[in-house]
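Lettering follows sequence order; numbering is per chain, from 1.
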Amino acid sequence: MNTLFDKIWDAHVVQKVDDGPTQLYIDRLYCHEVTSPQAFEGLRERGLKCFRPKQIFCMPDHNTPTHDQDKPIADPVSKKQVDALEKNAHDFGLSYYGMMNRKNGIIHVVGPERGLTLPGMTIVCGDSHTSTHGAMGAVAFGIGTSEVEMVLASQCILQTKPKSMRITIDGKLKKGVIAKDVALYLMSKMTTSGATGYFVEYAGEAVRSLSMEGRLTLCNLSIEMGARGGMVAPDEKTFEYIKGREFAPKGEAWDKALAYWKTLKSGNDAVFDKEIHFDAADIEPMITFGTNPGMGMGITNHIPTTEKMDAVAKASFNKAMTYMGFTPGESLLGKKIDYVFLGSCTNGRIEDFRAFASLVKGHKKSEHVIAWIVPGSWEVEKQIRDEGIDKVLNAAGFEIRQPGCSACLAMNDDKIPAGKYAVSTSNRNFEGRQGPGARTLLAGPLVAAAAAVTGCITDPRELMK
Amino acid sequence: MKQKFNIITSTCVPLPLENVDTDQIIPARFLKATDKKGFGENLFRDWRYDKQGNKISSFVLNDPTYGGKILVAGKNFGSGSSREHAAWAIADFGFRVVVSSFFADIHKNNELNNFVLPVVVSEAFLANLFKSIYADPKMEVEVNLPAQTITNKATGESEHFEINAYKKNCLMNGLDDIDYLLANKSKIEDYEQRNK
């Protein structure tokens, strides 16, 4: 009651169905090429137009290659899907940022970057990492293709209101600990189902201390603990970030919006269905060892052992250990790795590249490591060059690729081969996620950078002395 | 996909693994389709077939001992990606019901929107159900949507399951959400007027 989530949810209720879901108005729909074709087909079959085309923004990101984007996509199936989105956007009158368009990128990077995601909005996309936009103080969540069709047809969705949870992280983050580590730490404590059924608000000194990009990283991973979404109340940092962006309100509209945004916080009397507290001092640079994002630990810790697990939990844990080629109880430090991926909607923003560059500066990429350095958008790519980060990375032996989701889920040709270890700044380490048989270790940009220069799992703080 | 749902009595396919994520249910490389056909062939693809395309005989879907319209899975089924393709794969393969003690939210909604019924049972019921299936693969389960009960016919155990009245009505009558929303256009326009 009287939480930020309640305020925004309640302000968007069109009606409540008796003993059923709420009909919620959606301010913004983001569409990428993978989860929309069947939705547009559905509209065509019903003979419908798009109800509110101006509120919808489309761009390909999952299939886009990270090289030669000026040429037709080589994979005919990928090309067909990207072409379908372009045609659909055109036929239904929707804004579209295609490949090579300087506004194109990963949809959850582009939204906030262009000022399309604003505080107080309800935002959906056929993608579970839509929770990212919650960092701007919006209610943002992932939906399925049928629900995309609903929004295209009516700008509304039918949803049961989730319960509310507040996760407060007090204290100051230690040196070398960044937003990704905070997120992975939460996943390890909450597990992949710990927040299922809840919409989460992140609060506390450590959360406030994060930059906007840090908050975007934190909210991005909300789905990995099963949360419906995650959000941070907007503050001066948020308003500063938004001001002047392409779609941010201007002039009088800005003043009016700002006045409203300043009211967007949970009341002092707010009652959450669940409250959980963590201490920033307990958070170390993190790395995952298993096959779901909750199977993570501080980089200097040891993989847990199985004595206390029940039969089904033990079976799942051992399956993960076999897949990853690890042993319960062992340390990961010093383990040789094969690939490093810097990018994705989790860590594909300029601060992530600054962090990676700060660590590799003066070092060289390890000979045997293959590194894919993928900006989250063309805007980020331009900033990398404007700040001279490209020179630092090139000098260290890294090449910068073109933007897209890339190796996060390997729908393009950036696939990790079977059996190879990849330290990845993305969001999922499921079996086969980055390629059949690929072994993913999730981490933040500093851990990824350390692994890239030493060729093995390394505590980045060793290189920061 | 708009089949009406009433009472299903069937043998079960057991998958006693926790946290089965949607990347396993349908790997990303199969998401490039622009229509909804043929997903059943790729359900649990990388657990069913090896790299050469040969069936992995130890995986339950390749074991002729087990079959039926009901999939029984360990807790937190459908976690991870929102891909509705996972629900299409489950439906296209022939499952009408998935039974677990816990479902991830987005996937649960996706199943409902595709007329696959997710049934949430207690951990004890689930554990006993796995036991019954392994003791006798021919045992049947009855899922009664109107009464909202699930019955293990081997032991006689029965449990009530939750489903909201709106969704229950949709499933029983083969209705989808879009028809409902389109019928309410004027309410949407009223909302927009109030919130200019």
Side-chain angles (χ1 to χ4, degrees), chain A residues 11 14-15 17-21 23 25 34-35 37-38 41-42 46 48 51 62-63 77-78 80-81 84 126-128 130 142-147 149-150 153-156 158 160 162 192-193 196-197 223-224 226 228 292 312-313 315-316 319 409-411 418 428 430-433 436-437, chain B residues 16-24 27-29 31-36 45-47 51 74-76 79-88 102-110 113-114 127 130 164-170 176-182 184-185 187-188 190-192 195:
Chain A
V14 174
Q15 63 167 338
V17 178
D18 279 334
D19 194 6
Q23 182 174 343
Y25 189 84
V34 179
T35 52
Q38 295 87 348
E41 272 318 300
R46 291 173 201 258
L48 294 172
F51 186 53
H62 281 57
N63 281 281
V77 184
S78 285
K80 185 174 176 207
Q81 204 176 47
D127 192 282
S128 46
T130 309
I143 57 176
T145 303
S146 294
E147 293 168 315
E149 194 181 334
M150 283 180 223
S154 69
Q155 208 58 32
C156 286
L158 292 172
T160 305
T192 53
S193 55
T196 304
I223 184 67
E224 308 309 336
R228 204 70 190 80
N292 73 57
V312 180
S316 299
K319 186 172 197 290
L409 80 168
M411 280 185 79
R428 291 194 172 129
F430 297 141
E431 288 186 17
R433 170 85 180 177
Chain B
L17 287 171
E18 295 185 339
N19 304 317
V20 173
D21 60 80
T22 53
D23 274 63
Q24 309 318 313
R29 62 191 188 278
L31 305 186
K32 299 187 188 187
T34 46
D35 58 27
K36 293 186 187 179
R45 182 80 199 193
D46 293 333
W47 287 353
K51 266 194 290 199
K75 73 177 185 225
N76 199 25
S79 62
S81 160
S82 58
R83 58 192 69 168
E84 189 166 328
H85 313 65
W88 298 338
F102 201 88
F103 287 85
D105 272 342
I106 303 178
H107 180 71
K108 190 176 181 190
N109 261 355
N110 287 340
N113 286 336
N114 285 281
F130 279 126
N164 74 53
Y166 169 83
K167 258 313 172 192
K168 182 177 174 179
N169 185 53
C170 287
D176 74 26
D177 287 352
I178 295 190
D179 295 322
Y180 179 87
L181 287 167
L182 291 175
N184 279 293
K185 267 273 171 74
K187 289 214 165 89
I188 304 173
D190 286 344
Y191 169 88
E192 287 177 327
N195 288 278

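Using a 4.5 Å cut-off between heavy atoms, B/H107 does not touch chain A at all. Only the side chain of A/I223 comes within less than 4.5 Å of a heavy atom in chain B; its backbone stays farther off. Heavy atoms of B/A104 lying under 4.5 Å from chain A belong exclusively to its backbone. Of the two parts of A/R428, only the side chain, counted from C-beta on, holds a non-hydrogen atom closer than 4.5 Å to a non-hydrogen atom of chain B. With a 4.5 angstrom heavy-atom cutoff, A/Q23 touches chain B only via side-chain atoms. For a residue to count as touching a neighbouring chain, one of its non-hydrogen atoms must lie under 4.5 Å from one of that chain's; by this rule B/P16 touches chain A with the backbone only. Only the side chain of A/Q15 comes within contact range of chain B, with at least one heavy atom under 4.5 Å from a heavy atom of that chain. B/K167 does not touch chain A: none of its heavy atoms, backbone or side chain, sits under 4.5 Å away. Contact of A/A84 with chain B is made through the side chain alone, with heavy-atom distances under 4.5 Å. In this structure, chain B has a heavy atom under 4.5 Å from the side chain of A/L48, while its backbone stays farther away. B/L182 touches chain A through its side chain: at least one heavy atom from C-beta onward sits under 4.5 Å away, while N, CA, C and O do not.
Taken from CE in A/M150 to CG in B/L181, the straight-line distance is 6.5 Å, to the nearest 0.5 Å. Note: A/T130 OG1 to B/I106 CD1 = 7.5 Å, rounded to the nearest 0.5 Å. Put simply, CG on B/D35 and CD on A/E41 are 8.5 Å apart, with the number rounded to the nearest 0.5 Å. For the atom pair CD1 of B/I178 and CG of A/L158, the computed distance is 10.0 Å after rounding to the nearest 0.5 Å. Here OG1 of A/T145 is found 11.0 Å from CZ of B/R83. Values are rounded to the nearest 0.5 Å. The distance from atom NE2 of A/H62 to atom CG of B/L31, rounded to the nearest 0.5 Å, is 8.0 Å.
Of all heavy-atom pairs spanning B/Y191 and A/A11, the tightest one is OH-O, 2.9 Å. Heavy-atom minimum distance, B/I188 versus A/S154: CD1-O, 3.4 Å. In plain terms, the two heavy atoms of A/T192 and B/N76 that are nearest each other are OG1-ND2, 3.1 Å. Minimum heavy-atom separation, B/F103 to A/T196: O-CG2, 3.6 Å. Of all the heavy atoms in A/S316 and B/E18, the pair that sits closest is OG-N, 3.2 Å. Of all non-hydrogen atoms in B/D105 and A/G226, the two that sit nearest each other are OD2-O, 4.4 Å.
A/E147 has its side chain within reach of B/N110: a pair of non-hydrogen atoms, C-beta onward, lies under 4.5 Å apart. Side-chain contact between B/D176 and A/E149: absent, with no pair of heavy atoms (C-beta onward) separated by less than 4.5 Å. Residues A/P21 and B/N164 form a side-chain contact, since some pair of their non-hydrogen atoms from C-beta on lies under 4.5 Å apart. Considering only heavy atoms from C-beta on, B/D21 stays 4.5 Å or farther from A/E224 through its side chain.
Between chain B and the options A/G20, A/G42, A/G437, A/G144, the largest number of non-hydrogen pairs under 4.5 Å is found for A/G144. If you tally non-hydrogen atom pairs under 4.5 Å between each of A/G126, A/P162, A/S146 and chain B, the highest count goes to A/S146. For the set B/A87, B/G80, B/G74, B/S79, the entry with the most heavy-atom pairs within less than 4.5 Å of chain A is B/G80. Comparing B/N169, B/D190, B/D46, B/N109 by heavy-atom pairs within less than 4.5 Å of chain A, the highest count is held by B/N109.
Judged by distance alone, the side chains of B/E192 and A/Y25 do bring a donor and an acceptor atom under 3.5 Å apart.
Open room surrounds NZ on B/K75; 12 or fewer heavy atoms of other groups in view lie less than 6.0 Å from it. By the 6.0 Å contact criterion, CG on A/D18 is open, its count of non-hydrogen atoms from other residues, nucleotides or ligands being 12 or less. The neighbour count for A/K319 NZ, taken as heavy atoms of other residues, nucleotides or ligands under 6.0 Å away, is above 12.
Side chain of A/Q38 to main chain of B/A33: a donor-acceptor pair is present (N/O by atom type, distance under 3.5 Å, no hydrogens or angles). Within the 3.5 Å criterion, the main-chain N or O of A/N63 finds no donor-acceptor partner in the side chain of B/K32.
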Task: Check against side chain to side chain contact (heavy atoms under 4.5 Å, CB included), B/Y180 and A/V17 - done: CA-CA 10 Å; B/Y180 179 87; A/V17 178; 3.2 Å; yes

